Every structure is written in C-alpha cells, then in structure tokens.
Amino acid sequence: DAGVTQSPTHLIKTRGQQVTLRCSPKSGHDTVSWYQQALGQGPQFIFQYYEEEERQRGNFPDRFSGHQFPNYSSELNVNALLLGDSALYLCASSSQGAYTDTQYFGPGTRLTVL
Amino acid sequence: KNQVEQSPQSLIILEGKNCTLQCNYTVSPFSNLRWYKQDTGRGPVSLTIMTFSENTKSNGRYTATLDADTKQSSLHITASQLSDSASYICVVSASSNTGKLIFGQGTTLQVKP
C-alpha cells in the first residue's frame, strides 16, 4: 500500500520563474491538502482539493494555484517565484467522511528560490 | 484568531529520561487535536489524535493528554531514545473546517547519549 508520494524531492528555481509540484495521495484517499513549511516553522495551510475542486484556501496569494485530477492526484503551481517562496512544500491526503480524519503527509518537496 | 502555541521551543534531554511538551490552543470550534513527529526535512508523521471527549491517548512510549476546558494538551515521552530527536508539532482541527489544520510551530527535541 503506497503512501503519499511527492515529486520532485528537491528543486532550485530563480526569481520570477514558475514551478509545478506533484502529489499522489495514499491509496483510498480522495482529498489532498497542500502546506508550506518555512525553515524552523510549522506548516501553513495553502489549500485543499476534493472532487477536483478547491474547497478551502489559506492566506496565500493567487500566485499559488492548484489542480486535482480524476485519479485524485494533485499539482501545486507557483507563479512569479519570490525568494520568500523557498520552503518545504508538503502534501497531505485524507478521506472525506471520517469525523476524525487523519491526514497522511508525503515526504515533501524542498524548493529553493535563488 | 485561531492559534496553536507550543512550549518549550526547544529541549535537550539525556537518553533514557522522560520529557513533556506543552500545547495551548485558541481554536474554536474544536474538532480534534493531533500530535505529529517530524524528522528534519521529512513530512510529519501522526502520533496521536484526540477528540474533545478523549483526555488521554497512548502510542507506545508517547502519551498525549487533552483538557478541552482549559484548551491545553501535553505530549509525554517516556524513556527517551536517540531516535526521538525530532520536531513535535501540535495540530488542531476546527469543526467548521474538517480539512484545514492549524499547526503549532513545534518543539525541537534533541536526545543526547
């Protein structure tokens, strides 16, 4: 049973560029959430996707966008990269309907913006 | 404002000793509280999850407590091991947002031989 997978593991970009990060949820999960974790900080919620739609969004600008595919996998896109976007980007999957739903996290993608 | 605060920010203990990490939250309405362990550069791994009706839950050497009245939780680690060195993050889920989790900044624990 595969857990949550993310790709790539590391990425280096320059300011102004665009980046796409990918996530495959744990088998049986239909909901994907994305988080940004700056060094030494707790993760910050970016947004959540369910049934191919964005359900909830945190306090992130429109430069951050996403997509969920019919197979429940998801992409996070960041446009016009800033130095401050350097962080570990975590994807978490869960299953709707469970009251005490547990999110399973992937290993993360380390993004460095130069 | 929904917030989760953890203390201490960092902690160093000797192998074999016990320790307790604290978490205070102001999230309302409250759904559940989780403790995660995060190794450096890795994704968080769930240790425990508790709803408002549960006041203690154990996972091996990890025991979490919850006081929903005072909005406080603690994570007690017994007989620490070198592999316990990690960040421990307290996370609260609000009833109105089953998917949106509010994370604390974490407590960095270092276990020394």
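Letters A, B, ... are given to chains in the order of the sequence lines, protein chains preceding strands, and every chain is numbered from 1. Just so we're clear, the structure is a prediction, and the values are computed from it rather than from any experiment.
Interface residues of residues 76-90 of chain A toward chain B, defined by a heavy-atom distance below 4.5 Å and sorted by number: A:L88, A:L90.
Taking A:H67 as the reference, A:F69 meet the ring-ring contact (aromatic ring centres under 6.0 Å, His included) condition, with sequence neighbours excluded. Considering only residues two or more places apart in sequence or on other chains, B:D69 meets the side chain to side chain donor-acceptor pair (under 3.5 Å) condition with none of them.
Heavy atoms closer than 4.5 Å to chain A are found in the side chain of B:Q38, but not in its backbone. Of the two parts of A:Q37, only the side chain, counted from C-beta on, holds a non-hydrogen atom closer than 4.5 Å to a non-hydrogen atom of chain B.
In terms of modelled atom types and a separation under 3.5 Å, the side chain of B:H76 and the main chain of B:L21 share no donor-acceptor contact. Proximity of a side-chain donor or acceptor of A:E51 to a complementary backbone N or O of A:D30 within less than 3.5 Å is not detected.
Each of A:V4 and A:L11 belongs to its own hydrophobic cluster when Ile, Leu, Val, Met, Phe, Trp and Tyr are linked at side-chain heavy-atom distances under 4.5 angstrom.
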Could you pull out every donor-acceptor pair under 3.5 Å between side chains of residues 105-114 of chain A and any protein atom, sequence neighbours left out?
{"from": "A:T109", "atom 1": "OG1", "to": "A:P8", "atom 2": "O", "distance (Å)": "2.5"}

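With respect to A:S33, the side-chain hydrogen bond (donor to acceptor under 3.5 Å, both in side chains) criterion is satisfied by exactly one of A:Q56, A:R55, A:Q48: A:Q48.
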